[in-house]
Number of protein chains: 2
Amino acid sequence: MEYEQLKLDNQLCFRLYTAARLTMGAYHPYLDPLGITYPQYLVLLVLWEQDKQPVNDIAHKLVLETNTVTPLLQRMEKAGLVKRTKGKEDTRQRIVSLTKKGIEMREQAKHIPECLSADIIKNEGSVEEISQMIPTLDKLIEGLKQTNN
Amino acid sequence: MEYEQLKLDNQLCFRLYTAARLTMGAYHPYLDPLGITYPQYLVLLVLWEQDKQPVNDIAHKLVLETNTVTPLLQRMEKAGLVKRTKGKEDTRQRIVSLTKKGIEMREQAKHIPECLSADIIKNEGSVEEISQMIPTLDKLIEGLKQTNN
DNA sequence: CAAATTTATATCGTTCACGATGCAAAAGTA
DNA sequence: TACTTTTGCATCGTGAACGATATAAATTTG
């Protein structure tokens, strides 16, 4: 079969792409009540670990371009979740910090990871098997960071 | 640590999301010369397997909503890759078929899967390890299809 | 120190992704 | 057959992603 490789079933990327979209979809029931999207949730995760970071650091941790993160942060500022202030030493930088609302949302989001785990277990079964993918995904991601340069 | 679970490193979804984006990025060098995007490439994969399918079938195979696929197909029609004709038995349907250009692109795309494998091997190492994720991803995807209903 | 380069962020245009809604055709029902 | 419901697709609005480009500040270089 000359075109065997072009069959959809043989495509790893298609599976990653689909799994990522569906997983994001599984966050919807928990993020909608908070009024945030999944990428916004990721930004909050970063800021909850360490508040007051420049745009670049956030983008780097999320493996996103700043031209994706900037509008994301602007929407989050509009929603009252973060503040963006000019950097003191380097005035080119925009330091992103959590507002009271952003800080308080951490408490409301506390149980989201376990809720998601429960949802996945319910319909899929094995958390162990899924967890085994993590080191492989990390290697793949590190390799692809090189490829995409 | 009360908020341990909220650390980014513990998030499976973030890895899927990042791996999917970076893998799509790895297709760029091969899809750009053909003038198509990754989702458009997926549509072509589906049509190369079987030509002349209604919008619904394509959307279902790609696990996408029709309101994502319809504009995608409209752009592909504009680019001269597919034709969209009214269904004969069911006139609500739009049957999507490949144009000459769409058919011929299969030949040009023939080596993309092996090129991508090569790229991944180069910077990551083990195709075996990555291939092992496939059955797990399939189970995850099937489970999430249930969850997201 | 002045000029060239790099860096941090922002803006713009295009393409997804998807919830909500609309609409006409088909199918089911009274 | 008339009415209701379902189905297949399209449209609209919003929020990502990201390449290309812009701009100002910092850094490097001559």
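First the proteins, then the strands, lettered A, B, ... as listed; each starts at 1.
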A.B. asks: So do A:Ile58 and A:Leu47 actually touch side chain to side chain, heavy atoms under 4.5 Å?
C.D. replies: yes

A.B. asks: Output yes when at least one side-chain N/O atom of A:Arg75 is less than 4.0 Å from OP1 or OP2 of D:dT14, else no.
C.D. replies: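 No, A:Arg75 has no side-chain N/O under 4.0 Å of OP1/OP2 on D:dT14.
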
A.B. asks: Quickly work out the B:Leu73 CG to D:dA10 P distance and round it to whole Å.
C.D. replies: 8 Å

A.B. asks: Provide, to the nearest angstrom, the distance between the OH atom belonging to B:Tyr17 and the C1' atom belonging to C:dA17.
C.D. replies: 13 Å

A.B. asks: Output yes when at least one side-chain N/O atom of A:Asn56 is less than 4.0 Å from OP1 or OP2 of C:dA8, else no.
C.D. replies: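 Result: yes.
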
A.B. asks: Salt-bridge test for A:Lys145 and A:Glu142: reply yes if a basic N is under 4.0 Å from a carboxylate O, no otherwise.
C.D. replies: yes

A.B. asks: What is the distance, rounded to the nearest whole Å, between atom CE of A:Met24 and atom C1' of D:dA16?
C.D. replies: 8 Å

A.B. asks: Identify the heavy atoms of B:Tyr17 and A:Tyr38 that sit nearest to each other, and give their distance.
C.D. replies: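 Looking at all heavy atoms of both residues, the closest pair is CG-CE2, 4.3 Å.
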
A.B. asks: Under 4.0 angstrom, heavy atoms only, what part of the nucleic acid is B:Thr68 near: base, sugar-phosphate, or nothing?
C.D. replies: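 Here B:Thr68 touches the bases of the nucleic acid.
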
A.B. asks: Given 3.5 Å as the limit, does a donor-acceptor pair link the side chain of B:Gln11 with the main chain of A:Leu45, or not?
C.D. replies: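 It does not hold such a pair.
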
A.B. asks: Among the nucleotides C:dT15, C:dC18, C:dA10, which one has an atom lying closest to any side-chain atom of B:Leu64?
C.D. replies: C:dC18

A.B. asks: Need one value for B:Asp90: base, sugar-phosphate or nothing, where a base atom within 4.0 Å counts as base even if backbone is also close, heavy atoms only.
C.D. replies: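 Sugar-phosphate contact only - B:Asp90 comes under 4.0 Å of backbone atoms but never of a base.
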
A.B. asks: Taking Watson-Crick and G-U wobble pairs with both distances under 3.5 Å, convert DNA chain C into its dot-bracket string, 5' to 3', dots for unpaired and | for cross-strand pairs.
C.D. replies: ||||||||||||||||||||||||||||||

A.B. asks: How many whole angstroms separate atom CG of A:Leu42 from atom C1' of D:dA17?
C.D. replies: 13 Å

A.B. asks: Output the rounded distance in Å from CG (A:Leu72) to P (C:dT9).
C.D. replies: 14 Å

A.B. asks: For A:Glu89 and B:Val69, take the nucleotide of DNA chain D holding the closest heavy atom to each; which residue's nucleotide lies nearer the 5' end?
C.D. replies: B:Val69

A.B. asks: Any non-hydrogen side-chain atom of B:Leu137 less than 4.5 Å from a side-chain atom of A:Leu12?
C.D. replies: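 B:Leu137 reaches A:Leu12 side chain to side chain.
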
A.B. asks: Taking A:Asp90 as the fixed residue, which of A:Lys88, A:Lys86, A:Arg92 is the one that meets the side-chain hydrogen bond (donor to acceptor under 3.5 Å, both in side chains) rule?
C.D. replies: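 Between A:Asp90 and the candidates, side-chain hydrogen bond (donor to acceptor under 3.5 Å, both in side chains) is satisfied uniquely by A:Arg92.
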
A.B. asks: Between C:dC16, C:dC18, C:dA8, which nucleotide has the shortest distance from any of its atoms to the side chain of A:Gln93?
C.D. replies: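 Given the options C:dC16, C:dC18, C:dA8, the side chain of A:Gln93 is closest to C:dA8.
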
A.B. asks: For B:Arg92 and A:Tyr38, find the nucleotide of DNA chain D closest to each by heavy atoms; which residue's nucleotide sits nearer the 5' end?
C.D. replies: B:Arg92

A.B. asks: So, is B:Arg21 close to the D:dC18 phosphate, meaning a side-chain N or O under 4.0 Å from OP1 or OP2?
C.D. replies: yes

A.B. asks: Could you see if A:Leu98 belongs to whatever hydrophobic cluster contains A:Ile95? Use Ile, Leu, Val, Met, Phe, Trp, Tyr and a side-chain cutoff under 4.5 Å.
C.D. replies: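 In one cluster with A:Leu98: A:Ile95, no.
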
A.B. asks: Which nucleotide in the set D:dG15, C:dT9, D:dA10 lies at the smallest distance from any side-chain heavy atom of A:Gln40?
C.D. replies: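 The nucleotide sitting nearest to the side chain is D:dG15.
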
A.B. asks: May I ask you to evaluate whether A:Arg84 reaches the phosphate of C:dT9, defined as a side-chain N or O under 4.0 Å from OP1 or OP2?
C.D. replies: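 Result: no.
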
A.B. asks: A:Glu65 has an atom CD; how far is it from atom P of D:dG15, in whole Å?
C.D. replies: 21 Å

A.B. asks: Determine, for A:Glu107 against A:Lys110, whether the closest basic-nitrogen to carboxylate-oxygen distance falls under 4.0 angstrom.
C.D. replies: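 So A:Glu107 pairs with A:Lys110 through a salt bridge.
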
A.B. asks: Does C:dA26 have its OP1 or OP2 closer than 4.0 Å to a side-chain nitrogen or oxygen of B:Thr91?
C.D. replies: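 So the side-chain polar atoms of B:Thr91 do come within 4.0 Å of the phosphate oxygens OP1 or OP2 of C:dA26, strictly under.
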
A.B. asks: Counting any heavy atom closer than 4.0 Å, what does B:Thr37 reach on the DNA or RNA strands: base, sugar-phosphate only, or nothing?
C.D. replies: sugar-phosphate

A.B. asks: Calculate the interatomic distance between B:His28 atom NE2 and D:dG19 atom P; express it in whole Å.
C.D. replies: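 Whole-Å distance recorded here is 6 Å.
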
A.B. asks: B:Ile58 has an atom CD1; how far is it from atom P of C:dC16, in whole Å?
C.D. replies: 14 Å

